Amino acid sequence: MDTTPDELQPIIAAAAQAASRLADTTPTERAAWLTRIADALDAAADELVPLAAAETHLPETPRLRGELTRTTFQLRLFAEVLADGEFLAATVDHADPSWPMGPRPDIRRSLIPIGPTLIFAASNFPFAFSVAGGDTASALAAGCPVVLKAHPGHPRLSERTGEIVRGALRAAGAPAGAFAVIHGVEAGITALRHPDIAAASFTGSPAGGRALFDIASSRPRPIPFYGELGSVNPVVVMPGAVRARGPRIVEGFVGSFTLGAGQFCTKPGVLLLPSGHGLTETLAAAVAVVPGQRLLNEHIADGFRSRVTTLRESPSVTTISAHDDLLAPTLLNVSATDFLAAGDAVQAECFGPAALVVEYANPIELEQVLRQLEPGLTATIVAENSEIDDVRRLLPALTALAGRLLWNDWPTGVTVSWAQHHGGPYPATTAPTTTSVGTAAIARFLRPIAWQGFPDELLPPALREANPWRLPRRVDGMRD
């Protein structure tokens, strides 16, 4: 199914040709496109969900049906973003001859679509981070044509979903070239190097994402590359919480790190417990009863086996719960001292149903671990309210570590909302100021432009004096 160079060239040319027409569409028009796509996907659920299950080994219910619901919800949510209008950040400064910096010209600023966007679909969410996922929804909402590089883990689902998206866009009156699906590693790399591609996004492994990021950065004209790569997602458990509700914490942690066979980018991979916690047997028993589950594909399974083998063979690591079948849920243990000394062999992410308990002797050792951990998407604190002062001392390390902090919750739940942030310092993402989940994800595919001294008739509608779209704006420093 790989897209050939002869097939790729007209796809990108069509996207480039469509870019100006998409940029001229109104937010209302694009909202209608997104709603039409969502409706079409919902209508095809009974066809798409079995396809996804066959190719990914994920259960139809509740996982895949729930994920499809999330996918169509976020399409409709971006339609709400377009209706709201604040995403354009429209700002008007009228001419002011008495401006303290000297006479100020009339200058107006808003955001415009960045241009044709290349999106690399993920393997672990065949709907929500794939063909019609959040990156596609936010790029189309921004007014950018999308060239979607399908993941090889679910090619038939990708092709069928792409057909539905294209059909919905066509029926809604979107320009030809607004959306296309391509297949194959070489096609993706060639597209990323193409001068007509203006931005790219990716969800996947650190190695693959970094290679693509380097290509995007080394182009004659570098482009933004929004990669979500990897994350350990530590959970810090304070002593008071262990005493108050240790077994409940174990239940929540084991459920979180084994959810979806540990194939979530927000899987908590490190559990920091105080020495003498007394929960080892409870942890072992909880993991032992979790049923095994096939991983998404053999590539991921091979990587998981290799990583678990490395962890289990580390001299400082002991076993809490493991199995001869290396794909089974696995929980290991190490002291904070040994963890700090072991480096990447122990500290690196393990994608799949495995986690590491790290026992800290005191608050200083706990903070040392947090300072040395690789940054990621999330960091979780499990504590009692009586421990707030102790937690406060950890906040500088925690805020440096992750893009989302959780208090007495588990990171594997990533809601799609206005306040959500799904990002973090590298290697969690290649662009830590951005998010790939939530309404703020649209900002990745927009760029600012200022108009100085232009006649009203030539300004985009968002900046015209009459404000015909009735957008929220800042005018002369004040909210309009």
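Because the structure is predicted, anything quoted here is derived from the model rather than measured.
For the residue pair Thr266/Thr378, the side-chain donor-acceptor check at 3.5 Å is not satisfied. Ser138 and Arg444 share a side-chain donor-acceptor pair at under 3.5 Å.
The two residues Val437 and Thr415 have their closest heavy-atom pair at CG1-O, 3.7 Å. Taking both residues in full, the closest heavy atoms of Ile114 and Ala198 are given as O-CB, 3.3 Å, listed atom of the first, atom of the second, then distance. The shortest non-hydrogen separation linking Ala354 to Val308 is CB-CG2, 4.1 Å. Of all the heavy atoms in Leu356 and Asn333, the pair that sits closest is CD1-N, 3.9 Å. Of all heavy-atom pairs between Leu118 and Gly188, the closest is CD2-O, 3.7 Å. Summarising the geometry of Pro234 relative to Leu272, their closest heavy-atom pair is CB-CD1, 4.3 Å, with the distance given to 0.1 Å.
In the displayed structure, Arg294 atom CZ is contacted under 6.0 Å by at most 12 heavy atoms of other residues, nucleotides or ligands. No more than 12 heavy atoms of other residues, nucleotides or ligands lie within 6.0 Å of CD in Glu251, so this atom counts as exposed by the packing criterion.
Summarising the geometry, atom CG belonging to Asn233 is positioned 10.5 Å from atom CG belonging to Leu373; distances are rounded to the nearest 0.5 Å. One distance of note links CG of Leu75 with OG1 of Thr35; it measures 8.5 Å at 0.5 Å rounding. To the nearest 0.5 Å, atoms CZ (Arg30) and CZ (Phe78) are separated by 12.5 Å. For the atom pair CZ of Arg392 and CD1 of Ile381, the computed distance is 12.5 Å after rounding to the nearest 0.5 Å. Rounding to the nearest 0.5 Å places CG of Leu283 at 5.5 Å from CG of Leu331. Annotation: the span from Glu298 atom CD to Arg305 atom CZ amounts to 5.5 Å, rounded to 0.5 Å.
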*Could you check Tyr426 against Arg210 for side chain to side chain contact (heavy atoms under 4.5 Å, CB included), going step by step and ending with a plain yes or no?*
CA-CA 10 Å; Tyr426 186 88; Arg210 182 53 193 256; 3.2 Å; yes
_Evaluate Arg36 against Asp39 for salt bridge (charged side-chain N to carboxylate O under 4.0 Å, His left out), listing each step before the verdict._
CA-CA 5 Å; Arg36 182 69 72 99; Asp39 291 345; 5.9 Å; no
*Carefully, step by step, assess Leu82 and Leu34 under the rule side chain to side chain contact (heavy atoms under 4.5 Å, CB included).*
CA-CA 10 Å; Leu82 293 169; Leu34 298 178; 4.0 Å; yes
*asked:* Would Ile182 and Val147 count as a side chain to side chain contact (heavy atoms under 4.5 Å, CB included) here? Give the steps.
replied: CA-CA 7 Å; Ile182 63 173; Val147 178; 4.0 Å; yes
*Intermediate values then yes/no, side chain to side chain contact (heavy atoms under 4.5 Å, CB included), Glu365 and Thr337*: CA-CA 8 Å; Glu365 201 169 64; Thr337 301; 2.9 Å; yes
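Side-chain contact check for Glu186 versus Asp2: every heavy-atom pair is 4.5 Å or farther apart. Ile249 has its side chain within reach of Val237: a pair of non-hydrogen atoms, C-beta onward, lies under 4.5 Å apart. Residues Glu228 and Cys265 have side chains in contact (heavy-atom distance under 4.5 Å, counting atoms from C-beta outward). Side-chain contact between Val369 and Leu340 is present, with at least one heavy-atom pair separated by less than 4.5 Å. Side-chain contact between Val232 and Gln347: absent, with no pair of heavy atoms (C-beta onward) separated by less than 4.5 Å. A heavy-atom distance below 4.5 Å is found between the side chains of Leu370 and Leu401. Annotation: side chain of Val235 is in contact with side chain of Trp410 (closest heavy-atom distance under 4.5 Å). With a 4.5 Å cut-off on side-chain heavy atoms, Pro224 and Thr430 do not count as touching.
Remark: side-chain polar atoms of Gln74 are paired, donor with acceptor, to backbone N or O of Ala128 under 3.5 angstrom. The main-chain N or O of Val131 is found under 3.5 Å from a side-chain atom of Thr136 such that the two form a donor-acceptor pair. A donor-acceptor pair under 3.5 Å is absent between the side-chain atoms of Glu47 and the main chain of Ala44, judged by distance alone. Side chain of Arg307 to backbone of Glu349: a donor-acceptor contact under 3.5 angstrom is found. Remark: side-chain polar atoms of Ser201 are not paired, donor with acceptor, to backbone N or O of Ile119 under 3.5 angstrom. Checking side-chain atoms of Arg404 against main-chain N and O of Pro411 turns up a donor-acceptor pair under 3.5 Å. Within the 3.5 Å criterion, the main-chain N or O of Gly252 finds no donor-acceptor partner in the side chain of Ser256. Between the side chain of Gln263 and the backbone N or O of Gly260, at least one donor-acceptor pair lies under 3.5 Å. Within the 3.5 Å criterion, the main-chain N or O of Ser306 finds a donor-acceptor partner in the side chain of Thr310. Proximity of a side-chain donor or acceptor of Asp196 to a complementary backbone N or O of Ala13 within less than 3.5 Å is not detected.
Ring orientation note: the planes of Phe129 and His422 are tilted relative to one another, at an angle of 30° to 60°. Ring planes of Phe225 and Phe213: tilted class, angle from 30 to 60°.
Only one option out of Thr161, Asp42, Leu64 pairs with Leu48 in a side chain to side chain contact (heavy atoms under 4.5 Å, CB included); it is Thr161.
Contact check on Glu163 versus Arg160 returns a salt bridge, with a Lys/Arg side-chain nitrogen under 4.0 Å from an Asp/Glu carboxylate oxygen. Checked for salt-bridge contact, Arg63 and Glu67 meet the test: a charged N lies under 4.0 Å from a carboxylate O.
Contacts classified as ring-ring contact (aromatic ring centres under 6.0 Å, His included) and involving residues 254-307 (residues at least two apart or in different chains) are given here: Phe125-Phe264, Phe253-Phe257.
The side-chain contact (heavy atoms from CB on, under 4.5 Å) search around Thr439 returns Leu77, Val81, Trp418, not counting sequence neighbours.
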